[in-house]
Amino acid sequence: TIETPDNLKISMSDNVLKVTFDEVGSFDVAVYSMNGVLLKQRKGNSKEAVIPVYSGKGIFVVRVTCGNDVYSRKVYNL
């Protein structure tokens, strides 16, 4: 398992996902439901991605890809 680096920040509030990944060239973000359904995807982000996710309250899986490294984290939209 690859540990999430300190310069990767993922948060969700009021149906908006915010991903900040400092000191990297570009990265891709994908948001999945807990059932594995892809809800949103943004490619080629630089430093920050702000993604509206209008899927109600719940738990989502965020996957961040940077080169060959993939980081996943659960986020809660309360």
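Sequence positions, counted from 1, serve as the residue numbers for this chain.
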Atom NZ of Lys47 with >12 non-hydrogen neighbours under 6.0 angstrom: no
Smallest separation among heavy atoms of Ser33 and Phe60, with atom names: CA-CD2, 4.4 Å
Distance in Å, Ile51 CD1 paired with Asn15 CG, rounded so as to fall on 0.5 Å steps: 13.0 Å
CD on Gln41 to CG on Asp28, rounded to 0.5 Å: 7.0 Å
Residues that Ser13 engages under side-chain contact (heavy atoms from CB on, under 4.5 Å), provided they are two or more places apart: none
Side chain to side chain, Arg63 and Val70, heavy atoms closer than 4.5 Å: yes
Close side-chain approach of Val62 to Leu17, heavy-atom, < 4.5 Å: yes
Atom of Asn45, atom of Arg42 and distance for their closest heavy-atom approach: ND2-O, 3.1 Å
Within one Ile-Leu-Val-Met-Phe-Trp-Tyr cluster: Leu38 and Met34, side-chain cutoff 4.5 Å: yes
Atom pair CG/CG of Asn77 and Asp14 - distance to nearest 0.5 Å: 7.5 Å
Worked verdict on Val19 versus Val50 for side-chain contact (heavy atoms from CB on, under 4.5 Å): CA-CA 7 Å; Val19 179; Val50 178; over 6 Å; no
Nearest non-hydrogen partners of Lys40 and Pro52, listed with the distance: CE-O, 3.1 Å
Pairwise ring pair (Phe, Tyr, Trp, His ring centres under 6.0 Å) hits with a residue in residues 23-48, at least two apart: Phe21-Phe27
Ile59 side, atom CD1; Met12 side, atom CE - distance, nearest 0.5 Å: 12.0 Å
Shortest non-hydrogen contact from Ser26 toward Cys66: O-SG, 3.7 Å
Arg73 side-chain N/O to Val64 backbone N/O, donor-acceptor pair under 3.5 Å: no
Cluster overlap Val61 with Tyr76, hydrophobic side-chain contacts below 4.5 Å: yes
